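In this text the structure is predicted, and so the values were computed from the model without any measurement. What's counted below: heavy atoms across the whole structure, side chains too, no hydrogens, waters or symmetry copies.
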Amino acid sequence: MPASAPTLLDPGLILRQRFAAAALRAFPGVDLPDPIITLSQSPKFGDYQCNSAMPYSKLLSKPPRQVAEALVAAVDIADIAEPLTPASIAGPGFINITLSHTAVASLLAQLDTPDLGLPIDPDAPVTVVDLCGVNLAKQMHIGHLRSTVIGDTLARVLERTIGPAKVKRQNHVGDWGLPIAMVTARLIDLENAQQIDLAKLTLDDLDAIYKQAKQQCQADEEGLQTARAWGMGPKIEAELEAANAEPLAHLARAKSTLVALQSGDPDVRRVWKRIFDTTMAACLATCARLNASISQAHTAGESSYENKLAPLVARLEQSGVAELGSGALIIKLDDMGIPEPCLIRKSDGGYLYATTDLAAIMHRTSSVATGGLGASRVVYCVDARQSLHFRQVFAAARKAGLVAPNISLEHAAFGTILGEDNKPFKSRSGDSVKLGDVIDEVVAAALSQLRARPRAQEMTEPEMAHIAQGVALAAIRYTDLSTERIKDYVFSIARMVSFEGQTGPYLLYALARVCSILRNAQGQGLLTDSPTAGPIAVAHPAEKALALVLLRYPQVVRDVDRTLEPSRLCALLYELAGAFARFFEACPVLKAEDDGTRNARLRLCQLTRRVLTDGLGLLGIPAIERM
RNA sequence: GUCCCGGUAGCUCAGUUGGAUAGAGCAGCCGCCUUCUAAGCGGCAGGUCGCGCGUUCGAAUCGCGCCCGGGACGCCA
């Protein structure tokens with residue numbers, strides 16, 4: 001047990017410890033589960049409650065109220081809560097606990113440190129976060145939003161809990177398959193025909209060329225097979241074959257380009273590199289607009305595993321883990337509860353994306369000394385539709401002994417973004433929507449909302465434009481992060497920038513109001529040089545309610561680390577903003593009844609600002625101090 | 001067909017390890033700006049937690065069966 005275990009600030013955790021000790025004292029020798037401590041639903045039940053008397057009563061064969069009485073008699077919480085009395089036991093045996101104001105103030109003072117109760121865990125494992133996952137020759141589209149935003153947020157949270165040095169973002173760029181070869185082939189043709197200048201190539205060009213190339217290679221093989229199967233006659237078959245001739249030729253050309261690319265043909269490589277650079281520059285710019293910290297340094301494309309595939313597959317084949325099935329090389333997983341085998345080599349000798357993923361796992365988890373990333377935890381921020389794929393890859397990696405048993409492989413799966421019609425978000429023409437265009441739209445919507453406000457007159461155009469950017473970013477990211485990852489959600493620009501209720505802008509607004517108070521205090525010379533010097537105190541119910549939300553912050557951040565669910569942090573910050581809004585209504589700060597109250601409230605404001613700023617920062621939402 | 005994920009107020013969603021009267025937001029209705037930003041606050045109204053059976057002192061939560069919606073399912077990535 002490290003001596004530097006974080007100070008317990010969360011009242012729920014403190015109470016759990018105290019009640020566990022009480023259970024040990026009251027019922028020595030009995031192995032009871034951890035006490036259940038929850039927030040009370042209603043103020044009349046106090047702040048927290050212990051619900052364990054009932055389950056314990058069964059294990060102890062004693063009436064629940066008697067168990068509750070024994071716990072109340074044994075528990076030592078005099079330093080943090082109001083004294084428990086027989087009236088504290090309610091219903092079948094709930095123990096209601098009201099924290100003392102002095103204890104809350106003292107815990108708040110302990111929270112008010114540079115790390116906000118979140119010291120970096122020195123024993124934490126190096127963690128890889130697989131995120132973004134763009135493809136070459138394609139604009140980032142709406143399908144990349146969640147992987148980018150959720151992945152970036154999880155990485156930010158981990159950077160906070162385990163330290164930035166141990167978090168390795170990995171952008172597993174799709175830069176190596178047949179589709180890329182198709183584009184490369186097409187681009188070489190266009191260049192030879194002098195129809196394009198590679199030096200001036202843009203991603204929009206590539207996007208168009210990608211579609212052309214795909215079209216060119218689109219053979220109606222299904223139709224042909226149907227015609228054969230149904231015996232539609234040689235004439236129809238011949239017609240279909242003729243129609244297929246051209247696509248098949250293009251396909252053959254793409255395949256040979258892929259071979260050339262993979263064997264290092266300099267000219268093909270040169271064109272490919274141009275595609276790569278053009279794509280990455282544009283995508284990283286879009287990531288930057290989303291405030292996602294994803295850079296060239298995080299890029300680890302499929303191509304980077306290119307020369308690892310053959311040795312890996314050979315090893316798996318030799319060890320007998322992989323076997324031939326209908327010509328393909330497969331790893332059977334039925335003994336691991338997965339009926340579908342994992343394919344790692346096609347019957348034509350080509351490798352599949354599972355092969356690349358296995359190579360990536362090895363790179364990520366092997367030691368730094370051997371050129372790996374040294375991770376003990378790998379988090380995949382990828383669409384839920386790939387769940388089976390990752391179950392297969394993880395199981396295959398374990399079965400093949402590619403990763404040690406203590407290494408954690410986690411798929412942080414997320415649902416689909418839907419349009420207003422409840423179907424996957426697409427443009428009117430059925431194409432996927434470019435992410436940059438979506439961001440533009442949200443910024444425009446935010447700006448027009450902003451102009452409609454009465455306060456708009458007090459702002460300059462550049463100020464408003466700046467705020468609109470921030471509001472749009474908060475709207476997009478908060479919307480994406482605030483529901484459970486696994487669920488689909490409807491992308492409604494109107495709702496996300498509505499500025500009302502549970503939205504990113506509401507959180508920014510709460511922060512702007514805190515900042516406003518502190519700014520005015522500064523202006524009136526009410527903030528001393530050492531802002532944390534004055535005593536912290538909690539008296540008014542709204543102050544206490546605010547304090548109790550603040551105290552839950554560190555533990556919620558750790559929860560996000562553990563569960564990979566940013567929505568929990570979103571929920572807490574929303575509660576915090578609400579608690580502050582009620583405090584703001586009920587408790588005048590600058591015009592408080594006396595200096596002591598005012599200073600205590602100023603400290604509460606300062607701490608609220610810090611926690612809100614910190615939490616928003618973890619969500620990748622920069623603070624706006626005035627709006 | 002098999003497997004995975006969802007189903008909670010008109011709409012969008014919370015609901016932690018099974019706990020008290022299932023909570024928010026939006027939309028609707030009623031109040032509150034001479035006072036630190038009304039993008040706010042207070043209140044009213046709104047629910048067979050998809051259906052059934054079971055386990056339990058207690059089930060939105062756990063188990064089994066069904067219904068509805070979405071998704072995945074050996075040579076695409």
Side-chain angles (χ1 to χ4, degrees), chain A residues 12 33-42 45 49 51-52 54-55 57-58 63-64 90-94 96 133 135 174 176-180 302 325-330 338-348 350 352-354 356-357 383-389 391-392 413 415-416 418 422-424 449-450 453-455 458 471 482-484 486-490 492 495 497-503 505-506 508-510 512-521 524 559 563 567-568 570-571 574-575 577-578 581-582 584-592 601 605 626-627:
Chain A
D34 265 354
I36 296 162
I37 308 290
T38 62
L39 287 163
S40 296
Q41 283 184 4
S42 153
F45 297 140
Q49 58 187 53
N51 301 336
S52 279
M54 288 78 79
S57 85
K58 196 179 306 179
F94 298 107
N96 295 329
N135 300 303
W176 206 238
L178 187 62
I180 306 308
E302 292 171 343
S326 316
L329 195 64
I330 64 174
I338 304 173
E340 298 87 352
C342 183
L343 268 75
I344 58 170
R345 192 182 65 207
K346 298 191 276 184
S347 45
D348 69 1
L352 296 110
Y353 75 137
T356 312
D357 273 332
D383 194 296
R385 282 172 289 201
Q386 309 230 14
S387 290
L388 175 60
H389 166 71
R391 287 212 303 139
Q392 290 174 307
T416 306
L418 308 174
N422 260 313
K423 290 179 183 159
Q449 289 274 6
L450 216 50
R453 290 194 64 214
R455 273 181 83 86
E458 302 170 25
V471 166
S482 61
T483 57
E484 252 191 310
I486 195 65
K487 294 198 173 172
D488 297 347
Y489 76 89
V490 173
S492 164
R495 200 184 321 131
V497 299
S498 78
F499 298 4
E500 278 163 16
Q502 192 171 0
T503 62
Y506 173 81
L508 288 180
Y509 179 64
R513 296 213 290 183
V514 188
C515 291
S516 179
I517 292 177
L518 293 170
R519 206 163 40 236
N520 291 333
Q524 295 170 30
D559 271 355
T563 61
S567 61
R568 298 195 181 189
C570 290
Y574 178 66
E575 272 190 70
R582 287 182 283 277
F584 185 93
E585 301 284 335
C587 302
V589 178
L590 300 178
K591 293 185 180 168
R601 287 180 179 167
C605 287
R626 197 195 296 263
M627 63 188 282

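Below the 3.5 angstrom threshold, one finds no donor paired with an acceptor across the side chain of A/Gln449 and the base of B/A39. The base of B/C75 is paired with the side chain of A/Ser347 by a donor and an acceptor separated by under 3.5 Å.
Using atom C1' as the reference point in both B/U56 and B/C62, the two lie 10 Å apart (nearest Å). Comparing B/G1 with B/G18, their P atoms are spaced 34 Å from each other, to the whole Å. Comparing the C1' positions of B/U17 and B/U35 gives a spacing of 47 Å, expressed to the nearest Å. Distance noted for atom P between B/G42 and B/C33: 16 Å (whole Å). Comparing the P positions of B/C5 and B/A39 gives an interatomic distance of 43 Å, to the nearest angstrom. With P as the reference atom, B/G31 and B/C13 are 32 Å apart, rounded to whole Å. As rounded to the nearest Å, B/A72 and B/G25 have C1' atoms that lie 33 Å from one another. For the C1' atoms, the distance linking B/C11 with B/G19 amounts to 30 Å, nearest Å.
Residue A/Asp348 is out of contact with every strand shown, counting any heavy-atom pair closer than 4.0 Å. Among the heavy atoms of the strands lying under 4.0 Å from A/Asn96 is at least one base atom, whether or not backbone atoms are also near. Looking at heavy-atom distances under 4.0 Å, A/Leu590 makes contact with a base. A/Pro64 comes within contact range of no nucleotide atom at all, as no heavy-atom separation falls under 4.0 Å. Contacts of A/Leu388 with the nucleic acid, taken as non-hydrogen atoms under 4.0 Å apart, involve only primed sugar atoms and P, OP1 or OP2. Nucleic acid contact class of A/Cys587 (heavy atoms, under 4.0 Å, all strands): base. Using a 4.0 Å heavy-atom distance criterion, A/Ala90 is classed as a base contact. A/Ala384 comes within contact range of no nucleotide atom at all, as no heavy-atom separation falls under 4.0 Å.
Both A/Asn135 and A/Val490 sit near RNA chain B, but only A/Val490 has its closest nucleotide nearer the 5' end. Residue-to-nucleotide proximity on RNA chain B shows that, of A/Leu352 and A/Asp34, the 5′-proximal contact is made by A/Asp34.
Side-chain atoms of A/Thr483 lie closest to B/C13 of the nucleotides B/C13, B/G19, B/G40. Residue A/Gln41 has its side chain nearest to B/A20 when only B/A20, B/C36, B/G74 are considered. Among the nucleotides B/C57, B/G40, B/A77, the one closest to the side chain of A/Glu585 is B/G40. Looking at the side chain of A/Leu450, the nearest of the listed nucleotides B/A39, B/G6, B/G70 is B/A39. Closest to the side chain of A/Leu39, out of B/U16, B/A39, B/C76, is B/U16. When distances are taken from the side chain of A/Lys58 to each of B/G58, B/G40, B/C75, the shortest belongs to B/G58. For A/Glu484, whose side chain is taken as the heavy atoms from C-beta onward, the closest listed nucleotide among B/A77, B/C36, B/G15 is B/G15. Comparing atom distances between the A/Tyr506 side chain and each of B/C41, B/A39, B/G19 picks out B/C41 as nearest. When distances run from any side-chain atom of A/Arg495 to the nucleotides B/U35, B/C75, B/U12, the shortest one goes to B/U12. Candidate nucleotides B/G74, B/C75, B/C3 were compared by shortest atom distance to the side chain of A/Arg391, and B/C3 ranks first.
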Pair A/Ile36, A/Ser52 - check side chain to side chain contact (heavy atoms under 4.5 Å, CB included), show working. CA-CA 5 Å; A/Ile36 296 162; A/Ser52 279; 3.7 Å; yes

Is there a side chain to side chain contact (heavy atoms under 4.5 Å, CB included) between A/Leu388 and A/Ile338? Walk through the geometry before answering. CA-CA 9 Å; A/Leu388 175 60; A/Ile338 304 173; 4.2 Å; yes

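Figure legend. B/C32 is base-paired to B/G40; pairs are counted as Watson-Crick or G-U wobble with both atom distances under 3.5 Å. A 3.5 Å limit on both hydrogen-bonding distances identifies B/A24 as the Watson-Crick or G-U partner of B/U12. B/G52 is paired with B/C64 under the Watson-Crick or G-U wobble criterion, all donor-acceptor distances under 3.5 Å. In a base pair of the Watson-Crick type (N1 to N3 plus N6-O4 or O6-N4) or a G-U wobble (N1-O2 and O6-N3), with each distance short of 3.5 Å, B/U17 is matched with no nucleotide.
The CZ-P distance, from A/Arg582 to B/C41, rounds to 7 Å in whole Å. The CD atom of A/Glu458 sits 13 Å away from the C1' atom of B/A38 (whole-angstrom rounding). Atom P of nucleotide B/G25 and atom OH of A/Tyr509 are separated by 16 Å, given to the nearest angstrom. Taking atom CG on A/Asp357 and atom C1' on B/C75, their separation rounds to 16 Å, with Å as the unit. When the C1' atom of B/C57 is taken as reference, atom CG of A/Asn51 falls 14 Å away, rounded to whole Å. Distance, A/Glu340 CD to B/C73 C1': 5 Å, rounded to whole Å. The interatomic distance linking A/Leu343 (CG) with B/G74 (C1') rounds to 4 Å, in whole Å. Following rounding to the nearest Å, A/Leu418 (CG) and B/G70 (P) show an atom-to-atom distance of 11 Å.
Using a 4.5 Å heavy-atom cutoff, the side chains of A/Leu418 and A/Pro424 are in contact.
B/C33: glycosidic angle within 90° of 0, hence syn. Look at B/G42: its glycosidic torsion is beyond 90° from 0, and that puts it in the anti range.
For the atom pair A/Gln49 CD and A/Gln41 CD, the distance stands at 7.0 Å (nearest 0.5 Å). Rounded to the nearest 0.5 Å, atoms OG1 (A/Thr503) and CG (A/Leu508) are 8.5 Å apart. Atom CD1 in A/Ile344 sits 11.0 Å away from atom OG1 in A/Thr356 (nearest 0.5 Å).
For B/G7, one of the phosphate oxygens OP1 or OP2 lies less than 4.0 angstrom from a side-chain nitrogen or oxygen of A/Lys487. Distances shorter than 4.0 Å separate some side-chain N or O of A/Arg513 from OP1 or OP2 on B/A38. At B/A72, none of the side-chain N or O atoms of A/Arg385 fall inside 4.0 Å of OP1 or OP2 (strictly under the cut-off). Put simply, A/Gln502 has no side-chain N or O that comes within less than 4.0 Å of OP1 or OP2 on B/A24.
Between the side chain of A/Asp488 and the backbone N or O of A/Thr416 there is at least one donor-acceptor pair closer than 3.5 Å. In terms of modelled atom types and a separation under 3.5 Å, the side chain of A/Ser40 and the main chain of A/Phe45 share a donor-acceptor contact.
Ring geometry for A/His389 versus A/Tyr353: interplanar angle under 30°, hence parallel rather than tilted (30 to 60°).
For A/Phe94 and B/A20, the ring-to-base geometry satisfies the stacking test (centroid distance below 5.5 Å, interplanar angle below 30°). Here A/Phe45 lies parallel enough and close enough to stack on the base of B/A20, with planes under 30° and ring centres under 5.5 Å apart.
For A/Tyr506 and A/Tyr574, the distance between ring centers is under 6.0 angstrom.
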